[in-house]
**Q** 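Can you read through this structure? Questions will come right after.
Letters go in sequence order (proteins before strands), and every chain restarts at 1.
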There are 2 protein chains.
Amino acid sequence: MKMAKLSEATGVPVATIKFYIRAGLLQGGERSLPNQADYGDAHVQRLRLIRGLIEVGGLTVAASQRVIEAIDSDKPLAETFEIAQQTVSDELDQSSLDPAALSRIDELLSGWHYHSTNPGRLAAARVLTAFEAVGQHDERGWFKRYAEAALLAAEADVDELETRHGREAQAETVVIGTVLGDALFAALRRAAQEHVSSLRFSTPLTPENSAETVEDRS
Amino acid sequence: MKMAKLSEATGVPVATIKFYIRAGLLQGGERSLPNQADYGDAHVQRLRLIRGLIEVGGLTVAASQRVIEAIDSDKPLAETFEIAQQTVSDELDQSSLDPAALSRIDELLSGWHYHSTNPGRLAAARVLTAFEAVGQHDERGWFKRYAEAALLAAEADVDELETRHGREAQAETVVIGTVLGDALFAALRRAAQEHVSSLRFSTPLTPENSAETVEDRS
DNA sequence: AAATTATGGATATTAACACTATCCGAGAGT
DNA sequence: ACTCTCGGATAGTGTTAATATCCATAATTT
């Protein structure tokens, strides 16, 4: 398969494919002649993965490069998992965070076992700081309830991972789950927010077209 | 308060404050003379909100502008909520999505009441499409379990909202909850993932420094 | 009061990012 | 033989979020 075909098979423009190859995101095809190369099914799959990570997962090209490299490496699964987490998280320096916020996160998650460098721990502390800086306070255990929801999701993640066999398949699932999981949860939360508030307030969100709800369609 | 003081109080550089004012994100100070203006506490609060939305919530300046405008407007709460959801979501066109994926999301969320245009519904369908395009399949109800977790979070969101009184306070909470909620959940999920996998696999994630876990510190 | 510093507003510049377009000389297709 | 297409290199585009610089006043120090 030549590049035009690869482009057609994935919907990614040729110029973009070349760009990904240059960026080290995608392997170049097998060169048969100085100016001919051949691409296979693996390239199609990889390109789909790249597009998913970038478009749906919102990763940068550099971030995608890192997680793909981790999948292809022979690092143990736990390390790939760490790389995936770090890559999707902003780089936060423990010293730039409010120690009190960190303590409160640790207290909130007491019983959980994680490293002090876990990107989620640091990011959660930053959210707590920002939340309070804008004058909000957690009156009804908002953080605690989010932690419970996060635990459910994490259990689902690990269960799903266990259906895969072999290091590479598992590594791929870890990366996809880490990246797309954020997008999936965010999406479902929005639907759930509308659902819950329509129940709670019995005020249609957009009265003028409430006849078009999904429920009403069926 | 003059600009230097405002800058000092919030940690935001003067040039950046000027940029936000130009962008319509922040109101200019009260002008006393052609080249003098005075800023108050409201400016400090607003600036903190802006920084939270941008830095922690990952919004663009334009997106922040839209949600702030929604807070300041006198639109009904439901409309502000809609704007917040749309603003944090990628603009997706129903016609660009796989109808089969949309149906499966609706089936997954049957019993939920939401509009067919809900940004979360569309985003979830896109995630489903991407998930399957990279060769994954949802073997253990991953999506379903995420939906349950999302429901818990949404209930927490609405409960938290009900502690606030008055349209503007509620509108602000809606926006902050919508924006920071994504970041919070993503963060807590990462911590939970490490927790669950350490339980499940009994393999320390980073053997060389497992003595530094949060649990061990206490 | 003179000298220095700071102010608000306008304009310009920077840096990162993700593409996208154009050239090129060398094969492939017909 | 003639056009099309290839891969690879280089340059250019559009967007975004700041930063930097200028300038004519004002405020502040001395």
**Q** When the distance from CE of A/Met3 to P of C/dT20 is rounded to whole Å, what number comes out?
**A** 15 Å

**Q** I need the CD-C1' distance between B/Gln36 and D/dT25, as an integer number of Å.
**A**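 Distance check: B/Gln36 CD to D/dT25 C1' gives 8 Å.
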
**Q** What is the distance from CG of A/Asn35 to P of C/dG29, rounded to the nearest Å?
**A**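 Between P of C/dG29 and CG of A/Asn35: 12 Å.
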
**Q** Does a distance-only test, which skips hydrogens and angles, find a donor-acceptor pair under 3.5 Å between the side chain of B/Lys2 and the base of C/dG8?
**A**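 Per atom types, no contact qualifies.
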
**Q** Starting from P on C/dG29, measure out to CG on A/Leu33 and report it in whole angstrom.
**A**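 That distance rounds to 11 Å.
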
**Q** So for atom CG, which belongs to A/Asp93, do other residues, nucleotides or ligands contribute more than 12 heavy atoms lying within a distance under 6.0 Å?
**A** yes

**Q** Does a donor on one side chain and an acceptor on the other come within less than 3.5 Å for B/Gln85 and B/Thr178?
**A**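 There is no such pair (donor and acceptor under 3.5 Å, judged by atom type) between the side chains of B/Gln85 and B/Thr178.
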
**Q** Does a side-chain N or O from B/Tyr20 land closer than 4.0 Å to OP1 or OP2 of D/dA17, or not?
**A** no

**Q** In whole Å, I'd like the distance from the NZ atom of B/Lys18 to the P atom of D/dC22.
**A** 13 Å

**Q** Please check the phosphate of C/dA18 (OP1 and OP2 only) for any side-chain N or O of A/Arg22 closer than 4.0 Å.
**A** no

**Q** Is A/Ala15 touching bases, backbone alone, or none of the nucleic acid, heavy atoms closer than 4.0 Å?
**A**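 If one applies the 4.0 Å heavy-atom cut-off, A/Ala15 turns out to touch a base.
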
**Q** Which whole-number value in Å describes the distance from A/Lys5 NZ to D/dT5 P?
**A**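 Those two atoms, NZ and P, are 15 Å apart.
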
**Q** Which atom names give the shortest non-hydrogen contact between A/Arg190 and B/Asn118, and what distance separates them?
**A**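 Shortest heavy-atom contact: O-ND2, 3.4 Å.
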
**Q** Which is more 5' along DNA chain D, the nucleotide nearest B/Ile54 or the one nearest A/Asp38? Just name the residue.
**A**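 Final value for this comparison: A/Asp38.
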
**Q** Which part of the nucleic acid does A/Arg31 contact within heavy-atom distance under 4.0 Å: base, sugar-phosphate only, or nothing?
**A** sugar-phosphate

**Q** With heavy atoms under 4.0 Å as the rule, sort A/Ala4 into base, sugar-phosphate or nothing.
**A** sugar-phosphate

**Q** Less than 4.0 angstrom between a side-chain N/O of A/Thr16 and OP1 or OP2 of C/dA18, yes or no?
**A** no

**Q** Drop me the distance from B/Thr173's OG1 to A/Trp142's CH2, to the nearest 0.5 angstrom.
**A**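 If we round to the nearest 0.5 Å, B/Thr173:OG1 and A/Trp142:CH2 are 9.5 Å apart.
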
**Q** Output the distance between atom OH (A/Tyr20) and atom NE2 (A/His43), rounded to the nearest 0.5 Å.
**A**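 Output value for this atom pair is 15.0 Å.
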
**Q** A/Phe19 has an atom CZ; how far is it from atom P of D/dT13, in whole Å?
**A** 17 Å

**Q** For B/Ile17 and C/dT7, what is the distance between atoms CD1 and C1' respectively, to the nearest whole Å?
**A** 13 Å

